[in-house]
Amino acid sequence: MFFTDARVPAENLVGELNGGWRVATGSLGHERVMLWMGYVDLLHELSIDFAPSSSLERDHYATLVMDTYALRLLGSAALSRAARGEEDVPAQSVLKLLGSEALQRASEDALNAARTDGLVRRAVTAPFAALNLDSHYRSWFDRYARTFAATIAGGTSEIQRNIIAERVLGLPRN
């Protein structure tokens with residue numbers, strides 16, 4: 001959204017004059033930090049509930065555990081950089097993308113492993129909606145369906161991929 005010739009009294013400016021984009025991206029960065037931290041918790045809770053029985057399901061479970069550790073490690077490093085005052089927007093995009101995509105993939109794997117019971121079996125953990133207490137006890141299908149919001153909140157997965165492509169990989173803008 002662009003505002004042309006917008007006028008704001010000086011006492012109502014947030015940040016520096018003509019620095020609105022930096023304020024907006026800083027706000028999104030804080031949101032992404034909170035999101036990846038939530039994704040780590042949700043992935044860990046999934047690892048408690050997920051009961052693999054086949055070799056393929058055990059591979060999916062191993063991926064879930066590795067993604068959880070990777071997200072926690074990368075996120076902790078990003079928090080450490082932020083504490084030193086180093087701004088790292090691309091790292092926040094990597095965390096948001098890794099967390100939301102890993103959560104969706106692991107939820108789908110757990111749903112598939114539960115087979116038809118996944119449509120009705122109640123979960124023990126993983127509150128996917130903080131304001132909806134019933135979500136603590138929903139089916140694997142419900143848990144999976146709720147992961148689609150994670151790929152949108154804080155900037156869609158597609159936007160995160162564009163940021164990573166441009167700022168990390170140095171690829172040209174479309």
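Excluded from the calculations below are hydrogen atoms, water molecules and symmetry mates; all remaining heavy atoms, backbone and side chain alike, are included.
Closest heavy-atom contact between R115 and S53: NH2-OG, 4.2 Å. Closest of all the heavy-atom pairs between L35 and A153 is CD1-O, 3.6 Å. When all heavy atoms are compared, the tightest approach of S93 to I163 is OG-CG2, 3.4 Å. In terms of heavy-atom proximity, Q160 sits nearest to G155 at NE2-O, 3.2 Å.
The local environment of CG in N12 is crowded, with over 12 non-hydrogen atoms from other residues, nucleotides or ligands closer than 6.0 Å. Enclosure of atom CD in E86 by more than 12 non-hydrogen atoms of other residues, nucleotides or ligands within 6.0 angstrom is indicated.
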Problem - side-chain contact (heavy atoms from CB on, under 4.5 Å) assessment of L103 paired with L46 - result: CA-CA 9 Å; L103 180 60; L46 275 172; 3.6 Å; yes

Problem - Stepwise side-chain contact (heavy atoms from CB on, under 4.5 Å) test for S100 and T151 - result: CA-CA 5 Å; S100 63; T151 64; 4.2 Å; yes

Problem - Steps toward side-chain contact (heavy atoms from CB on, under 4.5 Å) verdict (L64, D109) - result: CA-CA 9 Å; L64 161 62; D109 290 340; over 6 Å; no

Handout entry: CA sep, side-chain torsions, deciding dist, call: S80, R84, side chain to side chain donor-acceptor pair (under 3.5 Å)
Key = CA-CA 7 Å; S80 178; R84 292 191 303 269; 2.9 Å; yes

Practice task
Go through the steps to decide whether F148 and Q104 satisfy the test side-chain contact (heavy atoms from CB on, under 4.5 Å), and finish with yes or no.
Solution key: CA-CA 7 Å; F148 287 88; Q104 189 168 60; 3.0 Å; yes

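There is no path of hydrophobic side-chain contacts, each under 4.5 Å, that joins L73 to W36. Each of M66 and L98 belongs to its own hydrophobic cluster when Ile, Leu, Val, Met, Phe, Trp and Tyr are linked at side-chain heavy-atom distances under 4.5 angstrom.
In this view, D67 and R105 satisfy the salt bridge (charged side-chain N to carboxylate O under 4.0 Å, His left out) rule, not counting sequence neighbours. P172 is linked by a side-chain contact (heavy atoms from CB on, under 4.5 Å) to nothing, counting only residues two or more places apart in sequence or in another chain. Partners of L111 according to the side-chain contact (heavy atoms from CB on, under 4.5 Å) rule, which considers only residues two or more places apart in sequence or in another chain, are W140, F141, Y144. Remark: E101 engages R161 in a salt bridge (charged side-chain N to carboxylate O under 4.0 Å, His left out) (not counting sequence neighbours).
Expressed to the nearest 0.5 Å, how far CG of D49 lies from OG of S107 amounts to 10.5 Å. In this structure, H44 NE2 and I48 CD1 are separated by 3.5 Å, a value rounded to the nearest 0.5 Å. Here CG of L79 is found 5.5 Å from CE of M37. Values are rounded to the nearest 0.5 Å. Summarising the geometry, atom CG belonging to L71 is positioned 9.5 Å from atom OH belonging to Y39; distances are rounded to the nearest 0.5 Å. The CG atom of L13 lies 9.0 Å from the CG atom of N18; values are rounded to the nearest 0.5 Å. Considering OG1 of T68 and CD of E45, their distance stands at 10.5 Å, rounded to 0.5 Å.
For T147 (side chain) and R143 (main-chain N/O), no donor-acceptor pair under 3.5 Å exists by modelled atom type. No side-chain donor-acceptor contact under 3.5 Å links K96 to the backbone of T156. Of the possible donor and acceptor atoms, one in the side chain of Y61 sits under 3.5 Å from a partner among the backbone N and O of S47.
Hydrophobic cluster of V168: the remaining members, joined at side-chain heavy-atom separations below 4.5 Å, are V94, L97, I164, L169, L171, listed by chain and number. Applying the under-4.5 Å side-chain rule to Ile, Leu, Val, Met, Phe, Trp and Tyr, the cluster around L56 consists of that residue alone.
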